[in-house]
Peer 1: 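To start, I am sharing the structure in question, which I have written as structure tokens.
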4 protein chains.
Amino acid sequence: MLIQIDPSSDRPLYEQLIRQMTFLVAQRAYREHELVPSVREVSKSLAVNPNTVVRAYRQLQDDGILVVRRGMGMAVAETGCERAAAVREGIVSQRIQDTLVELRQSGLADSEIRSTFLRLLDNGSPLAADTNGTRGIQKSEETQS
Amino acid sequence: MLIQIDPSSDRPLYEQLIRQMTFLVAQRAYREHELVPSVREVSKSLAVNPNTVVRAYRQLQDDGILVVRRGMGMAVAETGCERAAAVREGIVSQRIQDTLVELRQSGLADSEIRSTFLRLLDNGSPLAADTNGTRGIQKSEETQS
Amino acid sequence: MLIQIDPSSDRPLYEQLIRQMTFLVAQRAYREHELVPSVREVSKSLAVNPNTVVRAYRQLQDDGILVVRRGMGMAVAETGCERAAAVREGIVSQRIQDTLVELRQSGLADSEIRSTFLRLLDNGSPLAADTNGTRGIQKSEETQS
Amino acid sequence: MLIQIDPSSDRPLYEQLIRQMTFLVAQRAYREHELVPSVREVSKSLAVNPNTVVRAYRQLQDDGILVVRRGMGMAVAETGCERAAAVREGIVSQRIQDTLVELRQSGLADSEIRSTFLRLLDNGSPLAADTNGTRGIQKSEETQS
DNA sequence: GTGGTCTAGACCACG
DNA sequence: GTGGTCTAGACCACC
């Protein structure tokens, strides 16, 4: 339903776009064969350069999540949702692994890591708790002013 | 005991050096007033540009973890271990927070995140079991030619 | 007998249509003065934009392969089959030449190119054995709804 | 030894760069761990925009042929030559396959295809027979004016 | 010096 | 309207 990017994040914009889109398709916010927002549309809504969107969409093609419908736009690929879910799985695991490796280097015991993690997990749902600096795009276009 | 860096990581080398050193001091691998390896030594052992080491050491000075002993090199500061522990605490919390924010965007429920995390935590190798691509430096300096 | 197009090919649809039609006329699947399927018919059967068919047919006119029969549609021109055969000859030679140029840049010796080519030539399915993603149109028009 | 591109070709520049570089590595014109020409260098020598080169180099990274040496440039990856050879193999096969499919659609018999192919193969070595419009880059930089 | 990212704007082919 | 390619030029982090 919603593509969100945070221009102040240290993650590159195109990478955020790739991740967001992958997650959305994995959640079936866009379904197989459904057209996704056009490059220009996304570009305009998120105030991002078209080239940046193109770059993200291209990667999603390479991942087998999107396909080009020439002259019409880009659509979720035949088995796009599956692939997206698989890619998401990989991203999530990798992210946790990386974090664990770094944390273990800190000299903290696994038990300390576990307790800190669980404490922060239960704390609050920071799911865009602060929307400062975040720009989003709705699926149906009447939310934009 | 050991400074480890991974040149293929996406983290900058100087950042890895800062983190590693901070963690080591926090663990009291180097104690107050103890001399730390010289820039030249670290640079040679890790095959890293001296400038990169200088940069890291300067940051550690600014953090109040190291101090210059003129003519002798750099040593752990008066209250270096405390400060290092504090810095470490901040790094660890921040790291977990960041990870949580990203994971929540993936559309996975907190319960799924928790289970994946716990699974990977119990699985893994305690501390870089495989050292492929990782370069280290020992506390006693005669390991490297 | 059959116009086949592959919408997922990197060749533009109109170009595929032109080539296919040229080949069919060269093979005398449609003979001199014989009416070819109407724009509307082709468009519907192949699920292609009518404009695309129009564009292809116009090119075939320019090539002297088709002519308009006002009020009736388009037919193979007086000397259409000859011209089509000539055009086909040019296309085929050009195609092979292009391929050879590219392959020679790969650093493979001519002998390797030859053997690979012959191997693949003998292997393969004679004519689009698997029709996945390929859409066709029959000469007799009652196959499509 | 030589990167060659033809700006008048219908193949995109970045694709030509990818192919050329892949072929060169496969032929061991650049060897494992060896630095390849920098983005700016290639860009200048071939009179191509740096972004275009970046795009090509990025793809080569994704293919596992090149790796970044941060601050130093890009080098052939550990098993880069193998991978390059494998990629080349795929490119070559695919190219021939595509050609065969198209030729078979022309209505020509396999025997005719074979004879035409062999004739053109033996004809001449069009390996850059005409250098009009082709721009190249030497390995050692003293050839450029 | 190196690569990485982003913007701005242009032109093209396709449907 | 759509995506694809390319250029030009800027700024950044890293070594």
Side-chain angles (χ1 to χ4, degrees), chain A residues 5 7 9-18 35-44 46-58 60-61 66-75, chain B residues 5 7 9-17 43 46-56, chain C residues 5 7 9-17 43 46-56, chain D residues 5 7 9-18 35-44 46-58 60-61 66-75:
Chain A
I5 59 157
S9 160
D10 57 344
R11 301 266 171 191
L13 295 180
Y14 79 90
E15 204 177 289
Q16 293 185 48
L17 285 174
I18 293 170
L35 285 176
V36 297
S38 77
V39 169
R40 287 164 175 84
E41 216 174 318
V42 175
S43 158
K44 193 158 56 81
L46 302 181
V48 159
N49 189 287
N51 281 331
T52 305
V53 183
V54 165
R55 185 173 176 178
Y57 272 15
R58 187 183 178 81
L60 290 164
Q61 272 187 75
L66 298 185
V67 288
V68 217
R69 292 246 185 277
R70 282 191 303 186
M72 321 236 39
M74 320 234 346
Chain B
I5 60 157
S9 159
D10 56 345
R11 301 269 171 191
L13 295 182
Y14 78 91
E15 195 182 318
Q16 294 185 49
L17 285 175
S43 157
L46 302 181
V48 158
N49 191 302
N51 288 331
T52 306
V53 184
V54 168
R55 183 173 176 178
Chain C
I5 59 157
S9 159
D10 57 344
R11 300 269 171 190
L13 295 182
Y14 78 91
E15 193 182 318
Q16 293 186 49
L17 285 175
S43 156
L46 302 180
V48 158
N49 191 301
N51 288 331
T52 306
V53 184
V54 168
R55 183 172 177 178
Chain D
I5 60 159
S9 160
D10 56 344
R11 301 268 171 189
L13 295 180
Y14 78 91
E15 203 176 291
Q16 294 185 48
L17 286 173
I18 294 170
L35 286 177
V36 296
S38 77
V39 169
R40 287 165 175 86
E41 215 174 320
V42 176
S43 158
K44 194 158 55 79
L46 302 181
V48 158
N49 190 289
N51 282 331
T52 305
V53 184
V54 165
R55 186 174 176 178
Y57 272 16
R58 185 183 181 78
L60 290 164
Q61 272 187 76
L66 298 185
V67 289
V68 216
R69 292 248 186 276
R70 282 191 304 187
M72 322 234 38
M74 320 234 346

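First the proteins, then the strands, lettered A, B, ... as listed; each starts at 1.
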Peer 1: Of all the heavy-atom pairs spanning A/Tyr57 and A/Pro37, show the shortest one and how long it is.
Peer 2: OH-O, 2.7 Å

Peer 1: Just N and O in the side chain of D/Arg70: are any of them under 4.0 Å from OP1 or OP2 of E/dG3?
Peer 2: no

Peer 1: Determine the contact category for A/Arg40: base if any of its heavy atoms lies under 4.0 Å from a base atom, sugar-phosphate if only primed atoms, P, OP1 or OP2 are that close, otherwise nothing.
Peer 2: base

Peer 1: Which residue, D/Val39 or A/Val48, contacts DNA chain E at a nucleotide closer to its 5' end, judged by nearest heavy atom?
Peer 2: D/Val39

Peer 1: Just the rounded figure in Å: distance from P of F/dT7 to NZ of D/Lys44.
Peer 2: 16 Å

Peer 1: Please state how far atom CG in D/Asp10 lies from atom P in F/dC6, giving the value in whole angstrom units.
Peer 2: 11 Å

Peer 1: Could you state the OH-P distance from A/Tyr57 to F/dT5, rounded to the nearest angstrom?
Peer 2: 17 Å

Peer 1: Toward the 5' end of DNA chain F, which comes first, B/Arg11 or D/Pro50, by nearest nucleotide?
Peer 2: D/Pro50

Peer 1: Write down the distance between CG (B/Leu13) and P (F/dC15), rounded to a whole number of angstrom.
Peer 2: 4 Å

Peer 1: Grab the two heavy atoms, one from D/Leu60 and one from D/Ile18, that are nearest each other, plus how far apart they are.
Peer 2: CD2-O, 3.9 Å

Peer 1: Mind checking who F/dC14 pairs with, Watson-Crick or G-U wobble, both distances under 3.5 Å?
Peer 2: E/dG1

Peer 1: Is there a donor-acceptor contact under 3.5 Å from the side chain of B/Gln16 to the main chain of B/Arg11?
Peer 2: yes

Peer 1: E/dT7, OP1 or OP2 - any side-chain N/O from A/Thr52 closer than 4.0 Å?
Peer 2: yes

Peer 1: Which of the following nucleotides, E/dG15, F/dT7, F/dC14, is nearest to the side chain of B/Pro12?
Peer 2: F/dC14

Peer 1: Round to a whole Å and report the spacing from CG of B/Asn51 to C1' of F/dA13.
Peer 2: 14 Å

Peer 1: Which whole-number value in Å describes the distance from B/Gln16 CD to F/dC15 C1'?
Peer 2: 14 Å

Peer 1: Would you confirm whether D/Ser43, through its side chain, and D/Val48, through its main-chain N or O, come within 3.5 Å as a donor-acceptor pair?
Peer 2: yes

Peer 1: For a quick test of reading the model, state the closest non-hydrogen atom pair linking C/Ile5 to C/Leu13 and the distance between them.
Peer 2: CD1-CD2, 4.3 Å

Peer 1: Taking only the side-chain nitrogens and oxygens of B/Arg55, find out if one of them lies under 4.0 Å from OP1 or OP2 of F/dC15.
Peer 2: no

Peer 1: Mind checking if D/Gln61 touches a base, just sugar-phosphate, or nothing, with heavy atoms under 4.0 Å?
Peer 2: sugar-phosphate

Peer 1: Please report, rounded to the nearest Å, how far the P atom of F/dG4 is from the CG atom of A/Leu66.
Peer 2: 10 Å

Peer 1: Identify whether any heavy atom of D/Arg58 sits under 4.0 Å from a base atom; if not, whether one sits that close to sugar-phosphate; answer base, sugar-phosphate or nothing.
Peer 2: sugar-phosphate

Peer 1: If you assign each of C/Asn49 and A/Tyr14 to its closest nucleotide in DNA chain E, which residue comes earlier from the 5' end?
Peer 2: A/Tyr14

Peer 1: Could you tell me the separation between the CE atom of D/Met72 and the C1' atom of E/dG1, rounded to a whole number of Å?
Peer 2: 9 Å

